[in-house]
Amino acid sequence: MSQQRLLAAIMFTDIEDYTALMQQDEKEAIAIRERHRSTFEITTEAFNGKIIQYFGDGTLSIFTSSVEAVKCAIELQKAFLKTPKIPVRIGIHVGDIVYSHEDIIGDAVNVASRIESCAISGSVLISDKVHDQIRSHQDIEAQFLDAYELKNVEGAMPLFAIANDGLIIPKPEEVKGKLKDKSKEVGKTISKKKALFLGILTLIFLCSALLSYQYFAKKKALAKDLSIAVLPFDNLSTDNDAEIFRDGITEDILTQLSKLKELRVISRTSVMQYKDTKKTIPEIAEELGVSYILEGSIRKYGDDIRITAQLIDATTDEHLWAEDYDKTLINIFSLQTEVSEEIVDALQINLSFEEQQNLAMVSTKNIEAYKLVFEGKREVDTRTKESLANSILLYKEAIVLDPNYADAYAEIANSIYLQTYYSGRDHVEAAKTAHAYLDKAQKINPKTSRVYSVRGVINTIEEKHDLALMAFEKAVKLSPNDLTTRHQFATFYYYSKQYKKQLEQAEIAYRLDPLSFATANSYFNALIENGKINEGENLLHKIENKITGINPHVLNSSYFRLHMAQKNYKDAIGRLEKMVLEEKAFYRFLGFSYAKTGDTTSAYKTIETIRNVARDREKSFQLAMVYSGLQKRDSVLYYLDTIRNKQTKTFLREKDDFFGFLKDDDDFKTIIKSHELRIK
């Protein structure tokens, strides 16, 4: 058997009082152990660890990095402390081991085992050697406990507890485990050498704490809420195309910052509402719910550009950093990276290696191609047949100028698929063509998040849910703050009927884009879908009072949905009477609501209206809905029959909410079955 000697961080875990639990409830104990192992495997792999072995309710694993071992332990405890809790204790040491593919041996392994035995459930204990290797990492907090004499380990060993939020820190009297038996050492005192060691250790610890106090005090002051809004830069230029650079710079900095998972970045949709605003920084920050604001100005004269940027603490209105940048059109593309790096430094954000790489990435260095893509995005915003066609032409021109412009290929794919909704383009052909462009973009730059978000949308609509999930997860990893991705991810979860996850993504999107009705309404719909009626109502009132320019029909539609969820048919009628003037399909809800309030006269009048104005394809289903409100069984079954009703998907979506009185009817069940067979 081949063996090798290496330096490794060794982690032991076990479930506290597992034996007693097995005696009390064997089935529950086994379920806990399986959850423990599943979580352990996923998290260990995520932090580049290797599982050496399982033993009963415990685990042994190794890591090449002490930092990754500790971060893994933190994530494990966060998972185990969630309800239902698993009482796990963790110990970590670093040292020399002899390693084979099946086992590891060495004194360091024994020490790690002793440290783990001293822990209590919910805690992570580490040795002083591990502490030395993590002390410079600002996202890991540790607290010195004491120096302990571990069983069969020479000398006293200082132990530290990881003190990140949510983790348990043992009290000195709770640290027991495999310690030396003090009863055998009565009359012995600590040697001078040991006392000197402990004294020096204490002195080092105090000096370290003193030296880092000022730094961590500043860190905590800044860490109140890492959220930022990048306001549109003031345009101080007279050049005709300066406005493009003004909006483009704002959007580019937003795009770069959106790649940082520690920072919440308000979307372009919300910040653009403050273009040329007279509001103060504190007012804007309060409306957007952020702690920091980036503002600046641009002055373009010919091929030269001067940009001024400043970062402001919104709670104190104090400037944290300010800088002037003198650029030419040739080197302007470095600006977004430079400004982003300055913000990262000012806010003391820790970047992963991948984030550092992504932050330095520039999508193009061709200024004309850049302008064409920006103009193409403006065309897409209007969502017309003509504008989508124009956007594709602009993107293709950009690719001629820069064949390696990955974002341009991704945007072409997006416009092509949008044409299926706004231009009647064939879905199958559009999906095939769009994927071809996305493949080109991914080959050029696989870290372009837009590639995966567009791919996710197409796969969602094409009902390829596994592929859609993979694409959205990749997009979120590359750009956690991208509003479009979060919004579309929520839509994916809605279509795949994962409503809890839909709510998670919709809430994230709303926090990124609090002044957009579309985003807020998406969050409202997710709340209603998850049965959070009161929260949905509060949000809807907030939307109506806070956001201007809302389409009245869409607002009425949201209130109608709220009232139907509340079974408040009387208030629903007020909204529906306005809605049917724009969309005849809502007559079915109006007639149903009349019937539920006991106004049978109005319900029957609505039936006659439906007969006269409804589209042929929708007429039977609408009539069935109103008759259901009146609880006219035979009429409902007659109009739901597949001979007359072709609205299969609509029926399957609405059968529980509007045809509940027939749920146990055998003939109704037969009709449901016939409809379900039609769409398989």
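For reference, positions follow the sequence shown, starting with 1.
- The ring pair (Phe, Tyr, Trp, His ring centres under 6.0 Å) check on His427 picks up Tyr417, Tyr421, with sequence neighbours excluded.
- Legend: residues meeting ring pair (Phe, Tyr, Trp, His ring centres under 6.0 Å) with Tyr639, ordered by chain and number and at least two apart, are Tyr627.
- Residues satisfying the ring pair (Phe, Tyr, Trp, His ring centres under 6.0 Å) criterion with Tyr370, sequence neighbours excluded, are Phe333.
- Sorted by first and then second residue, the ring pair (Phe, Tyr, Trp, His ring centres under 6.0 Å) pairs with a member in residues 246-271 form an empty list; sequence neighbours excluded.
- The list of side chain to side chain donor-acceptor pair (under 3.5 Å) pairs with a residue in residues 464-483, not counting sequence neighbours, reads Asp482-Thr485.
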Validation: residues 398-406 side-chain donor-acceptor distances under 3.5 Å, sequence neighbours left out:
from: Asp402; atom 1: OD1; to: Asn404; atom 2: N; distance (Å): 3.0
from: Asp402; atom 1: OD2; to: Thr364; atom 2: OG1; distance (Å): 2.6

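- Sorted by first and then second residue, the salt bridge (charged side-chain N to carboxylate O under 4.0 Å, His left out) pairs involving residues 383-395 (not counting sequence neighbours) form an empty list.
- Contacts of Tyr510 classified as ring pair (Phe, Tyr, Trp, His ring centres under 6.0 Å), with partners at least two apart in sequence or in another chain: Tyr523.
- Annotation: salt bridge (charged side-chain N to carboxylate O under 4.0 Å, His left out) contacts of Arg617 (sequence neighbours excluded): none.
- A perpendicular orientation is assigned to the rings of Phe651 and Phe659, their planes being inclined by more than 60° (bins at 30° and 60°).
- Between Tyr494 and Tyr499, the angle of the ring planes lies from 30° to 60°, which puts this pair in the tilted group.
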### Worked verdict on Val476 versus Arg486 for side-chain contact (heavy atoms from CB on, under 4.5 Å)
CA-CA 7 Å; Val476 166; Arg486 294 291 187 177; 3.5 Å; yes
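- In this view, Asp657 satisfies the salt bridge (charged side-chain N to carboxylate O under 4.0 Å, His left out) rule with no residue, not counting sequence neighbours.
- Looking only at atom types and distance, the side chain of Ser516 has no donor-acceptor partner in the side chain of Thr269 under 3.5 Å away.
- Among pairs with a residue in residues 407-422, those fulfilling salt bridge (charged side-chain N to carboxylate O under 4.0 Å, His left out) read Glu411-Arg450, at least two apart in sequence or across chains.
- Phe586 and Phe560 have perpendicular rings, their planes meeting at more than 60° on a 0 to 90° scale where under 30° would count as parallel.
- A donor-acceptor pair shorter than 3.5 Å can be found between the side chains of Glu429 and Thr433.
- Applying the salt bridge (charged side-chain N to carboxylate O under 4.0 Å, His left out) rule to Glu529 yields the partners Arg561; only residues at least two apart in sequence or on another chain are considered.
- Salt bridge status for Glu618 with Lys584: absent, with no side-chain N to carboxylate O gap under 4.0 Å.
- Side chain to side chain, Tyr493 and Glu504 fail the donor-acceptor criterion of an N or O pair below 3.5 Å.
- Judged by the 6.0 Å and 45° rule, Lys440 forms a cation-pi pair with Tyr437.
- Ion pairing between a basic and an acidic side chain is recognised when a charged N comes within 4.0 Å of a carboxylate O; Arg378 and Asp247 show such pairing.
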